[in-house]
Amino acid sequence: MSNQWSKKQEAWSARFNEPMSELVKRYTASVFFDKRLAQFDIQGSIAHATMLSESGVISTTDLESIQKGMAQILSEIESGAFQWQLDLEDVHLNVERRLTEIIGEAGKRLHTGRSRNDQVATDIRLFMRHEVDRISGLLRGLIRALATIAETHYNVVMPGFTHLQVAQPVTFGHHLLAYAEMFERDLERLTDCRKRINRLPLGAAALAGTTFPIKRERTAELLGFESITRNSLDSVSDRDFAIEFCSCASLIMMHVSRLSEELILWMSPRYAFIDLPDRFCTGSSIMPQKKNPDVPELARGKTGRVFGHLMGLLTLMKGQPLAYNKDNQEDKEPLFDTVDTLADTLTIFAEMIEGVRIKPDNMRKATLEGYATATDLADTLVKKGMPFRDAHEAVARAVRYCEDNTCGLEDLTLDQIKQALNVAELGYNDDMIDQTMLECLTLEGSLAARNHEGGTAPNRVLAAAKACLARN
Ligand code: ARG
C-alpha cells in the first residue's frame with residue numbers, strides 16, 4: 001500500500017500527519033489549469049506587496065526582493081523553464097514557493113494579510129477584465145466586417161423570410177445589419193458586465209478581513225480596479241461576474257449560431273445565395289463533389305458547449321453557503337473554455353464574413369418566386385381608400401391567379417391585374433387601379449418604398465451601415 005502515498009504534503013506542514021494519495025492530490029489540485037492565471041497572480045502579488053510596504057507591514061527591501069523575484073518567475077514561466085509542481089496544488093502556491101526559493105525570507109512575508117481565497121478572486125477578476133477587453137475588440141471586428149459588407153451590398157435584393165417562407169424583399173445589407181445590431185447589444189452587455197468585474201476583492205483575506213493595517217483602495221488603484229468590494233464574505237465567495245460573463249458569451253454564441261445557420265442554408269444549392277471561401281470549408285472523404293460549410297456548422301455546435309458552461313457555473317454556485325468553498329475551484333475550466341471558444345469563433349467569423357462571395361442573381365430570382373411584393377400591392381389599394389382587410393383579400397386572389405397562370409405579380413399587365421384583383425366583387429370600382437400602382441410590384445419599388453429609420457430602402461441601409469461603422 002505504501003507506494004500509493006506520496007511524500008508528506010508540503011504546503012500544510014505541521015497540521016497534517018497523513019499523506020495524500022496521488023489520486024486525491026490530482027483530484028484536488030488545480031495547477032494544471034490555473035497556471036494560466038500566473039501573470040495575473042504575479043501582478044496581484046506585486047500590488048499587494050507594494051501596498052504592504054507603503055503601509056509599513058513589510059520593509060521596502062522586502063518589496064524590492066519580491067519585485068525582482070517575481071520578474072524572474074515571470075520570465076521563467078514565459079520561457080517554459082518554470083517547474084510546475086502538482087504537490088503545490090495551485091498556481092498561487094507554486095509561485096509563492098518559487099519566490100521563496102529565489103529570494104528567501106522576504107518571499108515568506110508576501111502572504112501577510114492575504115489568503116488564497118481573496119487572491120484567487122482577484123486573479124480571476126484581472127483575467128476576466130483582460131479577456132472582456134480582448135473579446136470586445138474581437139466583437140467590434142465582427143461588427144465592422146458585417147457593416148462593411150452591408151455597405152458594399154446595400155442595394156442587393158434578397159428575399160426576407162418569415163417562417164422560412166419568402167415574405168418581403170429586403171436588401172442583403174439590411175439582413176447583415178440585423179446581425180450587427182445583435183452583436184452591438186452584446187458589446188453593450190460586455191461593457192456592463194466589466195463594471196462588476198472591475199472591483200477589488202483583495203483584503204477580504206480568508207473571509208473576515210485581516211488584522212493588518214491594509215489600504216485596499218491603494219491596491220485597487222495599483223491594479224486599475226475602479227473600486228473595492230464592500231463585504232469580505234461576499235468578496236471571497238462571489239462568482240456572479242463569471243456567470244454574467246458566461247451569460248453574455250451565451251448570447252453572443254446564440255447570435256453566432258443564428259448567423260451560422262443562415263450561412264449554411266445560403267450556401268446549400270437549394271438557395272445558392274453565397275459561397276464561402278474554401279479556407280472555411282472542407283470536403284468529404286467519400287463524395288468528391290462536396291464542399292461543406294464546416295466552420296459555421298462547428299460554431300453552431302460550439303454554441304452548445306458555451307451554454308453548458310453557463311449552466312455549469314450556475315449549478316456550481318447554487319446552494320453554496322458563505323463564504324469560500326472549494327467548489328469554486330471548478331469555476332476556471334468552464335470560464336477558460338468559454339473565453340477560448342468565443343475568441344476563436346469571433347476571430348474566424350470576422351474573417352469569414354469579409355470573404356463571403358454573394359450571388360445576387362440567385363437572390364433576386366428567389367425573391368421573384370415568392371410573391372414578395374403582395375403586401376406592397378395591398379398597401380397601394382389602401383392608399384386609394386380601400387380598408388386593409390379588403391385589400392388583403394383582393395391581393396390574395398391575385399396571388400392565386402398568378403399561381404394558376406404560373407407567373408409573378410410583376411408580370412401582369414394592367415388589364416390582367418384588374419381581372420386578378422377583381423375588386424368589383426368586393427364592392428369597389430376598378431378605376432382605382434392604374435399603371436402607377438404597378439410600380440410597387442417591382443422589387444426595387446418595394447425596397448425604395450420602405451424609406452424610414454430602420455427600413456430596408458437602400459439609401460437607409462447605406463446610411464445605417466455607415467453609422468454602424470462610425471460607432472464601432
Ligand atoms: N485553487 C483554489 C481555487 O481555485 C484557490 C483557493 C483555495 N483556498 C483554499 N482555502 N483551499 O479556488
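Note that the coordinates shown come from a computational prediction; the quantities given were computed from them, not determined experimentally. Both counts, for ligands and for their atoms, begin at 1 and track the order of listing.
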Query raised in the report: Mind checking whether Lys332 has a heavy atom under 4.0 Å from ligand 1?
Result: yes

Report task. Under 4.0 Å from a heavy atom of Ser30: give me the atoms of ligand 1 that qualify, with their elements. Result -> 1 (N)

Requested in this report: Is it possible for you to check whether Arg194 lies under 6.0 Å from the centre of the six-membered ring of Phe245, through NZ or CZ, and within 45° of that ring's axis?
Outcome: no

Report summary line: With sequence neighbours left out, the residues meeting ring pair (Phe, Tyr, Trp, His ring centres under 6.0 Å) with Phe82 are Trp84

Query - Proximal ligand 1 atoms for Gln329, defined as those under 4.0 Å from one of its heavy atoms - result: 1 (N), 2 (C), 3 (C), 4 (O), 12 (O)

Report task. May I ask you to check whether Asn328 has an N/O atom sitting below 3.5 Å from an N/O atom of ligand 1? Result -> no

Query - Element-labelled atoms of ligand 1 that are located less than 4.0 Å from some non-hydrogen atom of Asp90 - result: 1 (N), 2 (C), 5 (C)

**Report entry** Check: Arg129 side chain, Gly224 main-chain N or O, donor-acceptor pair, under 3.5 Å
**Finding:** yes

Requested in this report: Would you tell me which option among Asn117, Thr28, Val91 has the nearest heavy-atom contact to atom 9 (C) of ligand 1?
Outcome: Asn117

Requested in this report: With heavy atoms under 4.0 Å as the rule, classify the contact between Glu89 and ligand 1 as side chain, backbone, both or neither.
Outcome: neither

Query raised in the report: Is the shortest N/O to N/O distance between Arg239 and ligand 1 below 3.5 Å?
Result: no

Query raised in the report: If you measure only the distance, is there a donor-acceptor pair under 3.5 Å linking the side chains of Arg258 and His255?
Result: no

Query - Ion pair check, Lys25 and Asp87, cut-off under 4.0 Å - result: yes

Query raised in the report: Can a donor-acceptor pair be found between the side chains of Ser45 and Arg114 at a distance below 3.5 Å?
Result: yes

